[in-house]
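First the structure, in the form of structure tokens, and then the observations on it.
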Amino acid sequence: MQAYGIQSMLKEGHKHLSGLDEAVLKNIDACKQLSAITRTSLGPNGMNKMVINHLDKLFVTNDAATIVNELEVQHPAAKILVLAGKAQQEEIGDGANLTVSLAGELLQNAEELIRMGLHPSEIIIGYNKAINKTIELLDELVVEGSENMNVKDKNEVISRMKYAVASKQFGLEDVLCPLVAEACIQVCPKNPTNFNVDNVRVAKLLGGGLHNSTIVRGMVLKSDAVGSIKRIEKAKVAVFVQGVDTSATETKGTVLIHSADQLENYAKTEESKVEELIKAVADSGAKVIVSGGAVGEMALHFCERYKLMVLKISSKFELRRFCRTTGAVALLKLSQPNPDDLGHVDSVSVEEIGGVRVTVVRNEDGGNSVSTVLLRGSTDSILDDLERAVDDGVNTYKAMCRDSRIVPGAAATEIELARKLKEFSFKEMGLDQYAIAKFAESFEMIPKTLAENAGLNAMEIISSLYAEHAFGNVKVGLNLEKGACEDVSALSIWDLYVTKFFALKYAADAVCTVLRVDQIIMSKPAGGPSRRDQPAGMDED
């Protein structure tokens, strides 16, 4: 039987959803489900999620960026929120949870408006007006004098970084922040805007506790030295990418050997050739050889004879970082290096930490370009979560190097924005005033969630926050430990302005994108293997 209507136009096996009920409200529902997952992880008392991905790897974390990354979100509308969260993570490195949760709340309020009879385009116009007004108001809330900041001053850095780290690891921020701040300040270039996040490395070693964590100026390699020399100080370094071994020739050659003497000589020439190469490296002044590939037995024998320390770094990313740390130039083949190609280290030593042998490469003086935070903890998942907290701290440092302005934290900013936007909506004519009022209401989600996650009575807290702000106490926020409203400048809880700015912008953009959709047309999925099977041999970086 011949199909009619849209069925006859599209290939069989397609799906077509249109109209308010099927498309818009279903999209909103999917996004609400996603934000319900992340919302309970918001703030310092946020709960952890246990996510097991398709490779059976276990994540125990309250970091929203990791959660939404590892959930394989299928729904196209919810994917838009995931992308907004990822964009926030890449731009600032913190505040992904705020983005996703706020977007979910805005969509829930949009659904109420749609059920009241407003058209989605009126809601979009209202939301656009609201976000523009919000950004104006956010500028007014910036703390005076915070735009001038010395990024090399450890206390100032810690005061801004503390709450980004506390939202991931509550109670440990006093231990972690000084470590992260020191690591960042060590590698901060003369022009702070060029700060590179990759220069602060994290090495995770099982055993011990967080208080055993230290900071190393230089690198920590999770491997032992190859030879018998385990420690060397103030030495020059030569780096070879292809490995330290007898190189096979490019062309195939056949050698005819007539007698036993010739065979002996043939083996001897190979030996003398390797010795010549290693001696050339030793003569150039290098005491440490770093190999990117295999180290041959014979080559190792001669390295020992000439008292050279041999390290093997198989990851090419690590090799690049090693070159950055030491200032060496990576050479392709084993040959005599120029003096300019050699790097310098203060000390290379093999140490045993918690039963694992690691090579610590220190470079204390000179242009220090890489520093490593050595984290200790009892289980892998705790270490992974600590690493995420450190990453957030480092990203916050990068953000404050670009723009160091701060706004009051602990939901003080959100309540003030909600109050001012409510007033703004009363001045608006037309139907979009309802959308602006709902946008203002959405900000209540943040103090409400913070209070609920801490087990407090949310309604009481929101009303007392509103009461304080109505009296003009703009900096009154929520003290979760006491469960009361307090002035955040006394508690010194600050959030970075850029984090809030981008989180609000991305959330509003994602919401408007979802609301603009009125039809979903999906063709039949193609057969064949799924796209997620990555080729083998991909490393973490």
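Treat the numbers as computed from the prediction; the structure is a model and nothing was measured.
Between the side chains of Asp139 and Tyr497, at least one donor-acceptor pair of N or O atoms lies under 3.5 Å. Side-chain N/O atoms of Thr193 and Asn191 include a donor and acceptor closer than 3.5 Å.
Here Lys427 does not pair with Glu423 in a salt bridge; the nearest charged N to carboxylate O distance is not below 4.0 Å. Under 4.0 Å is where a charged nitrogen must lie from a carboxylate oxygen, and between Asp487 and Lys475 no such pair does. Between Asp385 and Arg388 there is a salt bridge, since a side-chain N of the basic residue sits under 4.0 Å from a carboxylate O of the acidic one. The residues Arg402 and Glu91 are annotated as salt-bridged, a charged nitrogen and a carboxylate oxygen being separated by less than 4.0 angstrom.
Open room surrounds CD on Glu481; 12 or fewer heavy atoms of other groups in view lie less than 6.0 Å from it. Taking a 6.0 Å sphere around NZ of Lys154, one finds it holds more than 12 heavy atoms contributed by other residues, nucleotides or ligands. Within 6.0 Å of CE in Met116 there are more than 12 heavy atoms belonging to other residues, nucleotides or ligands. Applying the 6.0 Å contact sphere to NZ of Lys49 captures more than 12 heavy atoms from other residues, nucleotides or ligands. A 6.0 Å sphere centred on NZ of Lys420 holds more than 12 heavy atoms belonging to other residues, nucleotides or ligands. For Tyr434, the OH atom counts as loosely surrounded, since its 6.0 Å shell holds 12 or fewer non-hydrogen atoms of other residues, nucleotides or ligands.
Side-chain atoms of Thr134 come within 3.5 Å of backbone N or O of Ala130 as a donor-acceptor pair. Within the 3.5 Å criterion, the main-chain N or O of Leu491 finds no donor-acceptor partner in the side chain of Glu486. Here the side chain of Arg376 pairs a donor or acceptor atom with the backbone of Leu206 at under 3.5 angstrom.
Remark: Glu111 pairs with Lys32, Arg115 by the salt bridge (charged side-chain N to carboxylate O under 4.0 Å, His left out) rule, at least two apart or across chains.
Cation-pi geometry between Lys57 and Phe59 is met: under 6.0 angstrom from the ring centre, within 45 degrees of the axis.
Here the side chains of Asn62 and Met47 are not in contact, with every heavy-atom distance at 4.5 Å or above. Within the 4.5 Å cutoff, side-chain heavy atoms of Phe195 are placed close to those of Val394. Residues Ile215 and Leu374 are not in side-chain contact: their nearest non-hydrogen atoms beyond the backbone lie 4.5 Å or more apart. The closest side-chain heavy-atom distance from Ile131 to Asp509 is not below 4.5 Å. With contacts defined as side-chain heavy-atom distances shorter than 4.5 Å, the pair Ile92/Asn395 does not qualify.
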Q | Test side chain to side chain contact (heavy atoms under 4.5 Å, CB included) applied to Leu138 and Leu417, step by step | A | CA-CA 7 Å; Leu138 195 61; Leu417 290 174; 4.2 Å; yes
| task | Test side chain to side chain donor-acceptor pair (under 3.5 Å) on Arg324 and Asn199 and set out the steps. | result | CA-CA 9 Å; Arg324 265 217 307 267; Asn199 287 344; 3.0 Å; yes
Please lay out, stage by stage, how Lys448 and Glu452 fare under the test side chain to side chain contact (heavy atoms under 4.5 Å, CB included).
CA-CA 6 Å; Lys448 181 173 164 221; Glu452 279 172 0; 3.4 Å; yes
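Exactly one of Asp174, Asp392, Asp495 qualifies for a salt bridge (Lys or Arg N to Asp or Glu O under 4.0 Å) with Lys162. That residue is Asp174. When each of Glu416, Lys422, Glu444 is paired with Tyr466, the side-chain hydrogen bond (donor to acceptor under 3.5 Å, both in side chains) condition holds for Glu444 and for no other. Here the options are Leu179, Ile382, Leu383, Leu176, the test is side-chain contact (heavy atoms from CB on, under 4.5 Å), and the partner is Leu210; only Leu176 passes. A side-chain contact (heavy atoms from CB on, under 4.5 Å) with Leu106 is found for one member of Ser442, Cys31, Cys512 and no other, namely Ser442.
Of all the heavy atoms in Ala84 and Ala510, the pair that sits closest is CB-CB, 3.9 Å.
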